[in-house]
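Shown next, in structure tokens, is the structure this report addresses.
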Amino acid sequence: MLRSFRTTWLLGGLLLAAGLGRPAHAQTTPPNAALFKPKYIKAQLLKATKWQLAHPKHAPTDWTNGAFYSGVFAAYQATKSKLILDSLLALGERTRWQPGPRYDHADDIAICQTYLNLYRLKKDRRMLEPTLAVVEKVRTTPGPEVQNHGITWWWCDALFMGPPVLAKVAAIENQPQYLAFTDTLYQQTYRRLFNHQEHLFARDASYLLDASGQGKKESNGQRIFWSRGNGWVMGGLVQLLQELPAGHPSRPFYLSLFKEMSARLVQLQLADGLWRSSLLDPAAYPGGETSGSGFDCYALAWGINQGILDRATYLGPVQKAWAALTNVVSPEGRVGWVQPIGADPRRDFSADSWEVYGTGAFLLAGSEVLKLK
């Protein structure tokens, strides 16, 4: 496994050296400086959080809320709002700190990211014990997902849902076996779904082409690579890299993958600052899509802030993305242009379309743009 890490690390370096990291759309006009003022960003985070909390949707432990509350916790870190913290603690009390019902399905443990973040603040073992139980069961007991699909994390969104939870548990409990387990499951997904020519993940195996090049394609003949799925992979990489020790043997692999995908994504960003639902067929989709674009903005801003991505190359794309994201927020705080739930890009949506995970993506993006210097 370590050999594959090193091979991919070297490949990623060669791709970057060859110029893959140059954005396709140069910054032509300076961004509105007011959009990057800390006071403005914090106000936007509070407004969007309050609106979404007042308009709940789905079961609290649903994957949609797993993504939303990840953003809510980031908004708390950015604003230190007592209202936000109280809402997070109330969530945990309502759910009794339990994950969703399917122990081996990454969607149902995504909410555990928030429980673990809150445990780090409060040190209350009640917040932790149900998550410890479920990740240990995943590690030791093969379940329906691997039985039905051959691997546990068989769709690319799972790389946001699952790896951060396992990595946080490994760090909190000083249990490195969960990092090894994360590597095993992640590599299975990577080998099945990552396309080395496009530097993107297919949503799942049904989007892979066969040996003769036949399979699902977009109207322009391109392969289907979903914006939201790849954005969520990027968000998961951020949260995984935040937990991995500096000297961990798999860290170079994840860093290389993060850089490789970042370089490809800035090539696919549209002039308005957003990404389209289908990354390789933007003309077939009418408007920018927030839940993918928000995660992309979050990840690229984080890469700049950590010194992983070149500021001169990536700052312009991040600024364009954030400026565009602020434009999709209504005066009340509703984050619009969010693609509805579905397993592919082909879903109609508009400026009035919202979902809780779109707000989560916006909150994550703003919380990281706030840190740009």
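- Ring centers of Trp63 and Trp232: under 6.0 Å apart, within the cut-off.
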(request) Take Trp337 and Ser293 through the test side chain to side chain contact (heavy atoms under 4.5 Å, CB included) and record every step on the way to the result. (result) CA-CA 10 Å; Trp337 282 107; Ser293 297; over 6 Å; no
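- Phe253 and Leu244 fall within the same hydrophobic cluster, where Ile, Leu, Val, Met, Phe, Trp and Tyr residues are linked whenever their side-chain heavy atoms come under 4.5 Å apart, directly or through other members.
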(request) Show your reasoning for whether side chain to side chain contact (heavy atoms under 4.5 Å, CB included) applies to Leu237 and Tyr186. (result) CA-CA 11 Å; Leu237 281 168; Tyr186 204 110; 3.3 Å; yes
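- In summary, the side chains of Thr95 and Tyr115 do present a donor paired with an acceptor at a separation below 3.5 Å, with no hydrogens or angles considered.
- Not a single donor-acceptor pair under 3.5 Å links the side chain of His55 to the backbone N or O of Gln52.
- Between Phe201 and Phe194, the distance separating the two ring centers is shorter than 6.0 angstrom.
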(request) Determine, stepwise, if the pair Gln339 / Ser227 fulfils side-chain hydrogen bond (donor to acceptor under 3.5 Å, both in side chains). (result) CA-CA 10 Å; Gln339 185 188 15; Ser227 174; over 6 Å; no
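- Seen from the ring of Tyr76, Lys80 counts as a face-on cation partner, given the 6.0 Å and 45° thresholds.
- Lys168 places a side-chain heavy atom less than 4.5 Å from the side chain of Asn117.
- Side-chain N or O atoms of Thr49 include one that pairs as donor or acceptor with a backbone N or O of Leu45 at under 3.5 Å.
- Between the side chain of Arg251 and the backbone N or O of Leu241 there is at least one donor-acceptor pair closer than 3.5 Å.
- Remark: side-chain polar atoms of Thr152 are not paired, donor with acceptor, to backbone N or O of Val146 under 3.5 angstrom.
- Counting heavy atoms from C-beta outward, Tyr190 and Leu159 have side chains that stay 4.5 Å or more apart.
- The shortest distance between side-chain heavy atoms of Arg126 and Glu93 falls below 4.5 Å.
- The closest side-chain donor-acceptor pair between Ser291 and Glu289 falls under 3.5 angstrom.
- Residues Phe181 and Val138 have side chains in contact (heavy-atom distance under 4.5 Å, counting atoms from C-beta outward).
- Distance alone, capped at 3.5 Å, is enough to place a donor-acceptor pair between the His199 side chain and the Gln197 backbone.
- A side-chain donor from one of Ser330 and Glu332 sits under 3.5 Å from a side-chain acceptor of the other.
- Closest approach of Arg120 to Ala171, counting heavy atoms only: NH2-CB, 3.5 Å.
- The aromatic ring centroids of Trp322 and Tyr298 lie 6.0 Å or more from each other.
- Looking only at side-chain heavy atoms (C-beta outward), Ile111 and Leu91 come within less than 4.5 Å of each other.
- The two residues Pro331 and Lys47 make their nearest non-hydrogen contact at O-CD, 3.4 Å.
- Between the side chains of Ser278 and Glu218, a donor-acceptor pair is found at a separation under 3.5 Å.
- A heavy-atom distance below 4.5 Å is not found between the side chains of Leu268 and Phe225.
- The shortest side-chain heavy-atom distance between Leu128 and Leu116 falls under the 4.5 Å cut-off.
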(request) Run the numbers on Leu118 and Leu85 for side chain to side chain contact (heavy atoms under 4.5 Å, CB included), then give the verdict. (result) CA-CA 9 Å; Leu118 290 169; Leu85 180 59; 4.0 Å; yes
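- With hydrogens and angles ignored, the 3.5 Å screen pairs no side-chain donor or acceptor of Asn148 with any backbone N or O of Gly143.
- In this structure a side-chain-to-backbone donor-acceptor pair under 3.5 Å is missing from Asp107 to Arg102.
- In this structure, Gln44 contributes its side chain and Leu35 its backbone to no donor-acceptor pair below 3.5 Å.
- Remark: side-chain polar atoms of Arg334 are not paired, donor with acceptor, to backbone N or O of Trp51 under 3.5 angstrom.
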